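Keep in mind that this is a model prediction, so the values were computed, not measured. Excluded from the calculations below are hydrogen atoms, water molecules and symmetry mates; all remaining heavy atoms, backbone and side chain alike, are included.
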Amino acid sequence: MHLRTIMTIVFCISATAPMLLFWLWPHSWFLDNKKDEVKEYHHVLSNSLAAELSQYHRQLTSNFEAVIGHIRHKDSRHVTEAILDGFDIRHLCVAEYETGKVLDSYQTNAPACPAQIPEERLTWMKSQLGDQRETVVVTPVTNTELNGNVIFSLYRKANRLFVGAVSTDYVISIGKRIRFGELGHAAIFDQAGKVFSHPNPQWEKNSKDLSKMPVHQRMMRNETGIEVFHSMVFGQEMVAGYTHVPNTGWIVMVSQPVLELESEVAAFKYTTFTIMAMGMGLAVLLAYLASKLFTVPLQQMIEAMKRIGNGELRAYEQIKQSLLQPTEFEDAKEAIKIMAMRLQENIDTISRHAYLDGITGLPNRECFKVLAQEQIESLHLSGARGAILFLDLDGFKQVNDVYGHRSGDDLLKGFADKIHLYCGNEMKRRAYGADNAVSILPARLGGDEFVVFLGNIRDVEMVVEFAEGLFKKVFGKFKLHNGINLQVSGSVGGALFPHHGSDFDELLRLADIAMYKAKNSGKGRFCLHQEGDELTIKPPQTVEGV
C-alpha cells in the first residue's frame, strides 16, 4: 500500500474518531483526570520541599552543636561567627540556665544578645527544652524585637543555656521558589501550626496560627495526603498536597485553585475540538500533499540518522530543504543536528571525564598512568632519566571536618592551580634544547594525593631543587571561598628512573613509600627513595600543617 493511501485513511480516522469520543465523554471526566494529575504533582512537590527542609534542619542542628563545641573549647571567635553566618544564625547567646543572665554573645552583622533573657521567654524556652540535655531543640516561629521572625536553636549543658536566633529567611525562600499557574504556591508551617512561608505577606509577617483548621490538624498529626478545601486567602476551593518534614514537626502544603484546573480543561477541550474539526475538512487534501512533501525529506532524514549512527556526525548537512516543506521538517532537521552535536559533546565529555579530574582539572590516575608510561618508554629509548614525585597534603581531613567539603574542594582546586603554574614555569625555565627539554606532568591521584612526573632530568640535584620549589611556591597560604586563610604544608616522596625502578607501578610505589617516610619524619619534608631506605631532605623552610 502506498504512503499516499495510508496517510489519507489515517488522516480521516484521526480527524473523526476523537470528535466522537469528545461527544461521548463528559466534562467531569476530564476535570477528574486533571485533578488526579495535579494531586500527584502537588504531592511530589510537597515531598521534595519536605526533603529539602529536613536536610536543612539536620545541618542546622549539627552545625549548632559544632558551634557549641567551638565555644566550650574556647576556639577562635572568628571561626565560630563564620559558622553562624553560614546558617544565618543572627546571634548566639550563652546564658545561665536558671536566671537567664547572658554571659557571652556571638554575632556577625546582627544585634548582640540582650544582657538578660526576659523571664517569660526564658520560661517558654525551658518548656521547649523539657528534660532534654545536650540535645539541640528547634522551637516554633517566634517574633523578636531584635531580629524579627526567628526560630530558636536551644541547647542545655549543665547550668549553661545556649540560644541561637535563626532567621526564617532561608525557609521562606524555599517556599517562594514554588510558583505555577496563576495562583499555585507552596506554604510552610512550623510544629505549632504557625506560618513560616505563605503567599499572604501579612500572615507570614505575623506568623499566623492556623492550627485550628481541620486540614492543619491532620497535617500536625504527621499525616500525608491530598486535600480539597476552601481558602480564606483566595476565597475559593483549593486542591493541595501536604506532608510533614521528618523529625521537625514542620508541615509543607502545595496548593492550586480548582478553578484554574477547570479553566485549563475547558480551554483544552475547546482548542482540541476546533483543531480536529478543521482537520476533518482538510484530511484528504493534506494526505495528498503530505505524501509528496514528506517522502523525500523523510528518506533523507532516515539516511542521515543511519550515517550518524555509523559515526558520520555531520551527515545532517546532507538533508535538503525547500520552501514548501512544513516547519516540522525544519524542526526535525534541527533536532537531528542538535542530536549529532549533543552526541559529539557527550563523546567529548566522556573523554574528558575519563582522563581529567573533575575538581582540579588535572589528569586523573588513569590518564597519568598512560602518559607516564609513554614518557617512560621514550626515556627507555633515549637513555634519559626521570623521576616521580608523590605529594600528600598534611591535615587535609581536618579542613573537610572543620570547614566543610566545599572548602576542601576549594583547597584542592587552589593547590592544583598553583602546582600547574609552577610546573609550567619550570618547563619554560628548563627548556635547554628541543630534543632534551625537561618534561613535567602533574596529576591528581585522588583525595589529597598529587603526583608529578619529571622527564629528561640531568641529575638527582634537579629533582631535589624541583621538590624544594614545591615547598616555596606551591605549599603555603591558601584563601578559601568563605574568606578563611589556611597555611598548608605537605609531604613529598620521590623515586628515580631507571635507578630505583624501570616501570610506572614500581616507581609510583617507591615514591609513595618515600612520601610516608617524609610524613612520619615530621611532615613538611621531602624524602627520596634509596636502596633499603629513603634519604630525608628537609626543605629550606618547613611549613606547618593545617
Side-chain angles (χ1 to χ4, degrees), residues 357 360 362-396 412 415-416 419-420 422-423 426-427 430 436 438-472 474-475 489-540 542-543 545:
D357 177 62
T360 65
L362 293 176
N364 60 18
R365 178 185 288 268
E366 294 303 319
C367 179
F368 177 74
K369 182 175 182 179
V370 172
L371 297 177
Q373 289 280 22
E374 293 177 355
Q375 291 270 7
I376 290 173
E377 291 174 5
S378 177
L379 295 179
H380 267 301
L381 296 175
S382 64
R385 290 181 288 181
I388 285 183
L389 298 182
F390 198 110
L391 292 70
D392 183 87
L393 303 183
D394 294 333
F396 177 72
L412 292 175
F415 185 83
I419 198 172
H420 185 270
Y422 173 65
C423 291
E426 286 295 293
M427 286 185 66
R430 299 178 185 277
N436 58 355
V438 175
S439 61
I440 305 175
L441 174 65
R444 181 191 177 205
L445 296 184
D448 60 343
E449 295 178 342
F450 293 78
V451 67
V452 179
F453 184 88
L454 305 177
N456 290 323
I457 62 174
R458 290 195 186 96
D459 46 39
V460 68
E461 284 75 15
M462 182 179 292
V463 179
V464 175
E465 180 184 349
F466 182 87
E468 290 178 339
L470 290 173
F471 289 96
K472 293 178 182 179
V474 179
F475 294 106
S489 70
S491 303
V492 182
L496 303 177
F497 169 86
H499 183 66
H500 295 147
S502 58
D503 66 84
F504 171 81
D505 292 329
E506 179 66 10
L507 286 172
L508 187 63
R509 185 184 70 85
L510 295 178
D512 189 13
I513 293 174
M515 183 276 294
Y516 276 102
K517 175 72 175 188
K519 187 178 288 289
N520 294 332
S521 298
K523 300 181 180 180
R525 287 168 169 76
F526 166 58
C527 290
L528 184 64
H529 178 77
Q530 285 188 344
E531 302 296 338
D533 199 357
E534 290 81 32
L535 173 65
T536 301
I537 300 175
K538 185 176 181 181
T542 302
V543 182

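Paired with Phe504 under the rule ring pair (Phe, Tyr, Trp, His ring centres under 6.0 Å), one option of Phe453, Phe368, Phe497 passes, and it is Phe368.
Under the salt bridge (charged side-chain N to carboxylate O under 4.0 Å, His left out) criterion, the residue pairs touching residues 369-382 are Lys369-Asp505, with sequence neighbours excluded.
Phe415 pairs by the ring pair (Phe, Tyr, Trp, His ring centres under 6.0 Å) definition with Phe450, Phe475, not counting sequence neighbours. Under the ring pair (Phe, Tyr, Trp, His ring centres under 6.0 Å) criterion, Phe466 pairs with Tyr422, sequence neighbours left out. Residues satisfying the salt bridge (Lys or Arg N to Asp or Glu O under 4.0 Å) test with Asp459, not counting sequence neighbours, are none. Residues passing the ring pair (Phe, Tyr, Trp, His ring centres under 6.0 Å) test with His420: none are found, sequence neighbours excluded. Residues satisfying the salt bridge (Lys or Arg N to Asp or Glu O under 4.0 Å) criterion with Glu366, sequence neighbours excluded, are absent altogether. Listed by chain and number, the residues in a salt bridge (Lys or Arg N to Asp or Glu O under 4.0 Å) with Asp392 are Lys519 (sequence neighbours excluded). Not counting sequence neighbours, Ser378 has no partner by the side chain to side chain contact (heavy atoms under 4.5 Å, CB included) test. Take Gln375 and apply the side chain to side chain donor-acceptor pair (under 3.5 Å) test, not counting sequence neighbours, and it matches Ser439.
Here the closest heavy-atom approach between residue Ser502 and residue Ile376 is recorded as O-CG2, 3.7 Å. Closest of all the heavy-atom pairs between Asp394 and Gly524 is OD2-N, 3.2 Å.
With a 4.5 Å cut-off on side-chain heavy atoms, Leu389 and Val451 do not count as touching. Using a 4.5 Å cut-off on side-chain heavy atoms (C-beta onward), Leu508 and Arg365 make contact.
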